[in-house]
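Below is one structure, written out as structure tokens; comments come after it.
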Amino acid sequence: PPAPLFVPAGAQQTFSSSSQLDISACPITFYGKTYRQFYVNFTSESFVVCLGGFYSPGGPQDCLLVTPPDSQRAVDVQLSGTRVRTVTVTNTPGDKQIRGYLDTSGCFYSGGTRPSGPSGTAGSAGNDSSLLLTGVIYSPGSQVNSPETCLFLNCSEDLGLQVSACGPLERCQGNGSCIEAPPQTPMPRRTCTVVGPAVLDVHGQMRLVEDRCSYALLSAPDLQIVATFQERRRKDVGFLDGVILQLGRSDVHVSLDPGGRIRLNNLTMVLNGSAQRVYGVEVSKDRTGVTVQVSRSNLTASVFFNGDSVQLHLEGPAVPSLGGLCGNSSGILGQLRPPEFSSTGCETRYSDAVDASINCTLMAERCNVLKGAPFSSCDTDPEPFITACRDVLCKYGDLDGLRCQFLEVYARACSLSSGAALEGLRSRAECSPPMGLCQDRTCGPNEFCSETGPAGQPRCLCRALFASEYLERNTLGGSTVCRQNSASLSLVGCLLEDKGIDYTQLHLNDPACKGQMNEQTRMVTFSFNSSSCGTEVLTNSSHVIFKNTIRGQNVSSDVTRYTQFHMDSSCAQTQPDVQTVAFSVRGSTVVQLATSGSWNYTLTLEAFTDAGLSQAVQSSTELQLNQRIWVELRTHGLEETTVVMVMDSCWATDNGTSIYELIHNGCANPADRTVQVERNGQTASSVFSFKMFSFSESSGDVDLTCRLKLCFRREESCSPYSTSANISSFRTQREPSSPPFYSPMRPLRGAQGHASFRRRLISMTTTITKV
């Protein structure tokens with residue numbers, strides 16, 4: 001659909017100076033290229049919107065240049081630095097706001113891939129008909145086929161412009177076919193190899209990468225190839241983890257990921273057995289790995305990546321002057337680290353203890369097989385490969401197929417340089433044929449794939465830095481996460497696999513409650529609440545504890561060949577601590593938020609002048625002596641079907657030494673018949689009432705203090721009851737009643753005078769602990 005050229009001023013953003021606008025949330029496709037940034041410039045002649053960087057005269061950006069006059073504006077469309085189209089936009093009558101739409105769904109061919117003429121040299125404007133096809137916008141679905149120049153153009157709605165032409169070392173025969181051009185001088189041809197942490201540049205020099213950053217392997221005009229590194233079993237060894245090809249413009253990326261996944265600008269490509277061509281790059285995939293062919297005016301690069309190693313076969317005049325680690329592996333790493341592909345802190349280096357089980361002499365012998373038959377027929381120097389193999393295996397060990405990978409990359413280098421076929425190399429080295437067993441196997445961001453499972457099958461292993469956090473605590477996962485009335489515990493999938501534990505066989509007390517695997521993070525999470533999955537509820541004098549257990553499969557026989565698993569998980573709410581909060585009755589409702597861990601609930605205490613609890617005591621309310629008031633204590637956030645709040649005791653003081661008890665062990669003081677418990681231990685609130693009073697020997701305010709408790713419905717009857725002796729007790733199997741206590745002070749009641757009191761609340765605090 002047409003893309004909006006301009007929007008009404010102020011509808012999105014107003015610009016008064018050069019600005020950069022992030023549109024990554026809604027990227028724009030502009031003539032076959034996708035952009036995520038706007039760059040706005042003001043020049044002396046125009047207002048400019050560019051999509052590949054700020055405007056500069058003669059620059060290669062894609063831009064819209066808006067010029068006066070007042071009544072209508074001419075908008076010039078510039079693609080790759082060439083003005084290709086002019087659109088006239090007229091002011092909308094009345095509001096003088098510029099509005100216009102420009103169809104940008106086509107493709108633009110700038111001639112960046114220019115085939116050679118029949119003579120084998122680059123054609124000129126006078127004799128090369130391919131130049132007539134350059135600087136042209138093509139509509140979606142259109143195709144151009146020029147047999148005379150061997151140029152084929154296809155404007156695809158999904159993949160943008162696809163260009164096929166003869167390579168820099170070929171010439172067109174004039175009938176649509178290309179043949180190799182007779183070389184006037186030998187073209188430089190080199191191979192660069194990365195396997196594990198070792199980089200072998202085009203000059204045969206070797207360097208080991210010891211961190212987890214990304215580094216430019218090759219830097220050339222319109223092409224940058226970047227290798228990303230991550231640790232595996234050791235924290236002090238970085239392994240090749242992926243390859244990124246940056247094509248021309250900085251916003252066109254082809255990413256080769258572990259598992260054989262290929263992404264074009266973060267969109268996964270699906271290859272159906274045949275090669276695909278995107279942005280002038282040919283991509284193919286087979287059972288051994290992924291191959292990308294890139295041709296530029298003075299360089300042809302073939303990139304092969306199998307998840308463990310990458311080899312670049314480079315040809316063309318530009319080879320001797322290439323930048324990056326492949327051009328010079330002894331360069332300064334910090335200058336070869338593209339910040340857009342490296343995470344913060346990736347350059348931090350870690351140390352690991354030396355693995356005493358590694359026999360370095362034996363590792364060297366295994367690597368030295370590159371000197372003998374059948375490798376002796378290869379004209380590629382084996383010494384850099386042997387040195388890299390020996391150094392890496394002596395530090396890391398012969399794990400994850402490393403030794404065979406060094407043999408494979410050397411054999412491939414021999415084949416690329418001289419076409420030598422090394423028969424019998426795998427049987428002599430006891431290596432299996434390359435099958436790409438980790439292809440199409442997706443591991444999490446903290447895992448890597450290794451062919452170390454039963455019968456050599458691939459599986460995902462934990463990366464060392466990630467696993468160390470759990471191994472140092474001797475655990476397979478994190479702590480229990482307690483949320484409001486629920487809990488969860490996550491286990492690390494790759495750590496479970498290391499222990500030989502199948503997460504699908506684990507469950508909570510209720511066998512139907514199994515863990516859920518997050519396919520992105522590869523974490524296995526078990527969730528439960530106080531009334532599900534067989535949760536056990538335990539109470540004591542200080543806590544109400546919700547406990548569940550992650551268990552392995554049930555064993556019905558006397559023997560088992562599976563790893564047994566048992567892990568407890570619990571959350572606890574503490575009984576109320578004695579903390580006093582004083583406040584005036586002539587204020588608003590008292591609200592206290594009890595917070596600890598992740599379980600929160602709110603406790604309120606409010607006074608009313610009516611039994612319906614509709615007339616709250618306000619700051620202006622005058623209370624009379626002997627006037628009945630109702631007090632409500634309420635919790636918000638508790639799971640009422642399981643846990644309720646119980647008012648244990650309330651007493652009044654004169655903020656001094658006088659104490660008068662109103663509620664004891666959940667029941668009214670039998671010595672004061674004005675005190676009535678309306679509701680207690682049944683819901684999330686408790687209500688009692690009494691007649692207003694003051695202390696005989698004090699003229700100050702009366703303070704009201706209450707102590708609260710939590711009660712679990714399943715085990716206990718939470719409603720208090722009275723004995724025949726009219727002494728209240730709180731029915732519980734775990735905490736005996738405390739003896740009654742009555743203050744000798746007597747309240748003064750009367751029909752005259754006013755009364756005021758302050759309320760004190762013993763806060764109910766929830767503490768989450770892992771038991």
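All figures in this text were calculated on a predicted structure; none of them were measured in a lab.
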Between E447 and R522, is there a salt bridge with N-O shorter than 4.0 Å? yes

Evaluation steps, side chain to side chain donor-acceptor pair (under 3.5 Å), between T525 and S488: CA-CA 7 Å; T525 301; S488 63; over 6 Å; no

Determine whether I179 and R171 make a side-chain contact, defined as any pair of heavy atoms from C-beta on separated by less than 4.5 Å. yes

May I ask you to test the T191-V202 pair for a side-chain heavy-atom distance under 4.5 Å? no

So do I386 and K371 actually touch side chain to side chain, heavy atoms under 4.5 Å? yes

With side chain to side chain contact (heavy atoms under 4.5 Å, CB included) as the criterion, how do R390 and M363 come out once you've worked through the C-alpha distance, each side chain's angles and the decisive distance to 0.1 Å? CA-CA 6 Å; R390 182 180 63 241; M363 296 299 106; 5.7 Å; no

Separation between SG of C571 and CG of L489, rounded to the nearest 0.5 Å: 9.5 Å

Which pair of non-hydrogen atoms, one from Q224 and one from A216, has the smallest distance, and what is that distance? OE1-CB, 3.8 Å

Is there any side chain to side chain donor-acceptor pair (under 3.5 Å) pair reaching into residues 196-212, and which pairs are they, with sequence neighbours excluded? D201-S329, E210-R349, D211-Y215

Verify side chain to side chain contact (heavy atoms under 4.5 Å, CB included) between V283 and V290, making sure each step is shown before the conclusion. CA-CA 7 Å; V283 184; V290 178; 4.3 Å; yes

Qualifying residues under ring pair (Phe, Tyr, Trp, His ring centres under 6.0 Å), relative to F305, sequence neighbours excluded: none

Which residue pairs satisfy the disulfide bond (SG atoms under 2.5 Å apart) criterion with at least one member in residues 306-346, sequence neighbours excluded? C192-C326, C213-C346

Do side-chain atoms of Q276 reach the backbone of V270 as a donor and acceptor pair under 3.5 angstrom? yes

Lys/Arg-Asp/Glu bridge criterion (N-O < 4.0 Å) met for K395, D352: no

Show your working on side chain to side chain donor-acceptor pair (under 3.5 Å) between R551 and N509 and close with a plain yes or no. CA-CA 7 Å; R551 306 175 184 273; N509 288 341; 3.0 Å; yes

Once ring pair (Phe, Tyr, Trp, His ring centres under 6.0 Å) is applied, do any residues pair with Y396, and if so which ones, sequence neighbours excluded? F239

CD/Q246 to CG/D222 distance, rounded to the nearest 0.5 angstrom? 11.0 Å

Is there a side-chain contact between V492 and M523, using heavy atoms and a 4.5 Å cut-off? yes

Near E347 CD, under 6.0 Å, is it more than 12 heavy atoms from other residues, nucleotides or ligands? yes

Can you name the residues that form a side-chain contact (heavy atoms from CB on, under 4.5 Å) with D308, not counting sequence neighbours? R232, N306, Q405

Hey, does the side chain of Q439 reach the backbone of D286 with a donor-acceptor pair shorter than 3.5 angstrom? yes

Is there side-chain contact between V243 and D257, with at least one heavy-atom pair below 4.5 Å? no

So C449 and C443, disulfide (SG to SG under 2.5 Å) or not? Walk me through it. CA-CA 7 Å; C449 180; C443 295; 4.8 Å; no

Could you go through the salt bridge (charged side-chain N to carboxylate O under 4.0 Å, His left out) check for D355 and R233 one step at a time? CA-CA 12 Å; D355 189 344; R233 297 174 188 259; over 6 Å; no

Pairing residues for T268 by the side-chain contact (heavy atoms from CB on, under 4.5 Å) criterion, not counting sequence neighbours: R261, R263

Knowing that exactly one of V194, L200, L333 qualifies, which makes a side-chain contact (heavy atoms from CB on, under 4.5 Å) with L325? L333

Counting N and O atoms only, with roles assigned by atom type, does the side chain of R337 sit under 3.5 Å from a partner on the main chain of S214, one being a donor and the other an acceptor? no

